[in-house]
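Before any comments, here is the structure.
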Amino acid sequence: MASQFKRTLVTAALPYANGPVHIGHLAGCYLPADIYVRYLRSIGHDVKYICGSDEHGVPITIKAKLEGTTPQAVVDKYHKIMGDAFKEFGISFDIYSRTSSKIHHQTASDFFKTLYEKGSFTEQVTEQYYDESAQQFLADRYIVGTCPKCKNPNAYGDQCENCGSSLNATDLIEPRSTLSGSKPVLKQTKNWFLPLDKLQPKIKAYIEKHADWKPNVYGQCKSWLDSGDGLQPRAMTRDLDWGVPVPVKGADGKVLYVWFDAPIGYISATKELLPDSWENYWKKEDSRLIHFIGKDNIVFHCIIFPAMLMEHGEFILADNVPANEFLNLEGDKISTSRNWAVWLHEYLLEFKDKQDALRYTLCANAPEAKDNDFTWKDFQTKNNSELVAIFGNFINRTVVLTHKFYEGKVPPANTYAKEDLIVLAELANAPDKIAKAIEQFKFREAITEWMNVARIGNKYLAETEPWKLIKTDEERVKTIMNIALQISCNLAILAEPFLPFTSKKLFGLLNIVPLKWPAAKHTGNVAQGHLIHKEELLFDKIEDSEIELQLNKLQKSKEANVSAKKAAPVKPETTFDDFVKMDIRIATILEAEVVPKTDKLLKLKLDTGVDVRTVVSGIAAYYKPEDIIGQKVMMLANLAPRKIKGIESQGMILMAENAKGELSFVTPTKTEIENGSAVK
RNA sequence: GGCGGGGUAGCUCAGCCGGUUAGAGCACAGGAUUCAUAACCCUGAGGUCGGGGGUUCGAGUCCCCCCUCCGCUACCA
């Protein structure tokens, strides 16, 4: 452990309280952080593990509206589900707090006030949609309208869920407020911005001091800093009524931006945990701050939060931000809305007392350097071929033999043979090897090294064959079994950060009060004559039927998604007069080329029957230029021209689009329909 | 298109400040064994290290170009 630090504060990303926790969350940050923290505790280092629910922000208010309840009720529900599941899974937070708490509101409010008084913010007036009947500004998610791209009439102000485009609220055609259904108006509003552009040099210096961070993290930060315009000012307040009120005069109806408020949650939770000594962890140079997060949070933890802390001035900055990539599930992205996930609270019910099987799999297959895939088959294999067959089996044979030969009493070690000394040396060496990997955040490597200790044990038994030797050399067997028991004990010690439930169970089996990490450097932790308990299996095999059950469950959510993908609802009624305003006609593509520096755009030359004109169309993903020369298409000919990537597009090709967003030309089926023929 | 991270045995990954015959686990094949949840132990097979150039006495490891996967970002009238 880096000796210049007297204490360590570990945070894990605050999970958002609008849904339960799934395996992706666990593998991303909660489990690695938990292993790290348990290890630090075991070596006697002063460490606190901080987390809590992130309970503000627009999606929660939307969810409340959908469910006909209050935001507070929503967060209460999920705060409990998440907190309980974490606890049962052995995630050993020192505190699991929440951002709707009083202490957090106070802390976040004070923090903002400090920056405000220091003049850290710039004020900017922008135009936002405002609902006059509800008398409030509308967050993007509170505005729906027709998507300008796919014409889905129910697109949100930030994104169209039909075609996946990201939008600005002002892009929507016929916007309406979800609060009242009325048409919102644009109105000026003032918000406070953190001028990241001005802070860029300081942030850059901070990041560059940490070139030793994981490549994905450091690279991502550099990417933000070095990209074209560099960092941009970012609004730290929002027009919303759910969150921490902005503590400034004239800021009625405004709250702190959820990403301003959430990381301060780490501070408030520490305060709540340690009312008298929290500042030791946040304000002393000999304290170390580490944020465990998923890759989607890198910018907030490496750039925005440090910038906030720098501006404040009293706090230390993160010494490391070990972010993991994403975990996929059976080849597909984990998705809450598509119910493509393994939910922790469900796992805990369906695999009772098998927390460590999942902990083992998620750690051994953690997405440390790249996205990884979780498959149930792999889970089964890791459980059956590694936990059961290697580790569990070693413990079991040792315990069985001890009872068989000595009625459960630990025999004395006599004279060590050469092979014994080799094994003992390897055993004594293991803690440092594992520790080194953990300290470098290489948890996969760490757990592999741990499993290797069990392999050493199995090999040792296979080579010394005590079950044979007992007939010819009883004294020698005593030494061998003593060593096997020492290995078992040290395995229990070293297992604790990874498999806390198993560690506890194994200590119980050995009838030993749990020991701490430094003891594992010694090879005489089990005393001669000590009585151990009767054998008891540490792990059960996981049967094919259990795996099939899970796969079926996933299959069902896949089917549910397909059937849910019905066609978009019919748009509001229109008139024939409006329809005939559209000049839709048949045209033929004469030329086609990819627009340089774009992925989706083709520049087309069309024969419309009356003229030849240029149209830019976003179809490059579906058609190659050389394949569509001569293609007859439908086009909207009297659409106002518009410049796209510097090219004037004089019309629009009409495309059919399916639920996946795939496009197809709509073509007349009879060849005698010539260019210029009207579509009506 | 820009930026970042990947592309190494059937699968999951390590190695990447260049240096002997490219590693591990799982899966597979053969053998040995019976203390053990048909588990353990040994042996083996399996890779032109995404492709192509270059630098070097020597490159998976450095440089250039290209292909491909993931993320952010631009573009879909």
Side-chain angles (χ1 to χ4, degrees), chain A residues 148-151 163 165-166 214-228 295-296 298-299 323 325-326 328 333 361 364-375 377-378 381-382 384-390 392-405 442 444-445 447-449 451-452 454-455 457-470 477 481 484 535 537-541 594-602 615-622 635-636 639-647 649-655 657 661 663:
Chain A
K149 297 175 180 172
C150 71
K151 305 295 181 271
C163 66
S165 318
S166 60
K214 288 174 59 172
N216 57 340
V217 178
Y218 186 72
Q220 187 67 236
C221 292
K222 290 290 282 174
S223 162
W224 278 81
L225 289 165
D226 298 340
S227 73
K295 69 174 165 186
D296 50 336
I298 290 174
V299 64
E325 302 284 304
F326 285 151
N328 294 327
K333 274 176 212 173
T361 307
N365 195 25
E368 287 178 357
K370 59 179 178 190
D371 290 357
N372 258 62
D373 203 23
F374 176 94
T375 64
K377 188 79 200 133
D378 183 55
T381 302
K382 285 221 155 56
N384 293 358
S385 308
E386 298 184 30
L387 284 178
V388 173
I390 297 170
N393 184 37
F394 169 68
I395 299 298
N396 192 238
R397 59 205 299 213
T398 300
V399 172
V400 166
L401 287 174
T402 304
H403 277 279
K404 199 162 185 172
F405 298 159
K442 295 180 175 173
R444 302 173 64 120
E445 183 182 324
I447 206 164
T448 304
E449 285 296 343
M451 186 56 90
N452 283 344
R455 291 194 164 95
N458 276 323
K459 189 170 172 180
Y460 179 67
L461 287 184
E463 283 169 357
T464 54
E465 298 183 305
W467 51 89
K468 269 190 190 167
L469 214 55
I470 192 73
V477 171
M481 290 314 299
E535 64 265 22
L537 297 181
L538 293 178
F539 302 98
D540 298 320
K541 282 206 154 192
V594 175
V595 178
K597 303 196 177 185
T598 69
D599 286 343
K600 296 183 185 169
L601 301 184
L602 292 186
V615 168
V616 177
S617 188
I619 58 174
Y622 309 100
M635 79 170 293
L636 182 57
L639 186 66
R642 167 155 171 169
K643 271 204 172 177
I644 299 167
K645 282 278 163 186
I647 302 163
S649 181
Q650 303 157 318
M652 173 171 153
I653 311 271
L654 301 188
M655 309 294 295
E657 183 183 43
L663 301 176

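Below, chain A is the first sequence line, B the second, and so on; all start at residue 1.
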Query - Sugar-phosphate only, base, or nothing, as touched by A/Val400 at under 4.0 Å among non-hydrogen atoms - result: sugar-phosphate
Query raised in the report: With a 4.0 Å cut-off on heavy atoms, is A/Phe539 in touch with a base, just the backbone sugar-phosphate, or nothing at all?
Result: base
Query raised in the report: How far, in whole Å, is B/G2 from B/U61 if one measures between their C1' atoms?
Result: 27 Å
Query raised in the report: Do any side-chain nitrogens or oxygens of A/Lys468 fall under 4.0 Å of OP1 or OP2 in B/U33?
Result: no
Query raised in the report: Nearest to the side chain of A/Lys459 - B/C42, B/G15, B/C40?
Result: B/C42
Query raised in the report: If you find the nucleotide of RNA chain B closest to A/Arg444 and the one closest to A/Val388, which residue's nucleotide is nearer the 5' end?
Result: A/Arg444
Query raised in the report: Strictly by modelled atom types, are A/Asn328 and A/Asp371 linked by a side-chain donor-acceptor pair under 3.5 Å?
Result: no
Requested in this report: Answer with base, sugar-phosphate or nothing: what part of the nucleic acid does A/Lys541 contact at a heavy-atom distance below 4.0 Å?
Outcome: base
Collect all protein-nucleotide pairs involving nucleotides 23-26 of chain B in which both atoms are nitrogen or oxygen and the distance is under 3.5 Å.
from: B/G25; atom 1: O3'; to: A/Arg455; atom 2: NH2; distance (Å): 2.8
from: B/G25; atom 1: O2'; to: A/Glu386; atom 2: OE2; distance (Å): 3.3

Would you list the protein and nucleotides 5-8 of chain B atom pairs, both N or O, that sit under 3.5 Å from each other?
from: B/G5; atom 1: O2'; to: A/Ala369; atom 2: O; distance (Å): 3.4

**Report entry** Among B/C35, B/C41, B/A39, the nucleotide that comes nearest once only the side chain of A/Ala389 is considered
**Finding:** B/A39
Requested in this report: Please name all residues satisfying ring-ring contact (aromatic ring centres under 6.0 Å, His included) with A/Tyr460, sequence neighbours left out, ordered by chain then number.
Outcome: none
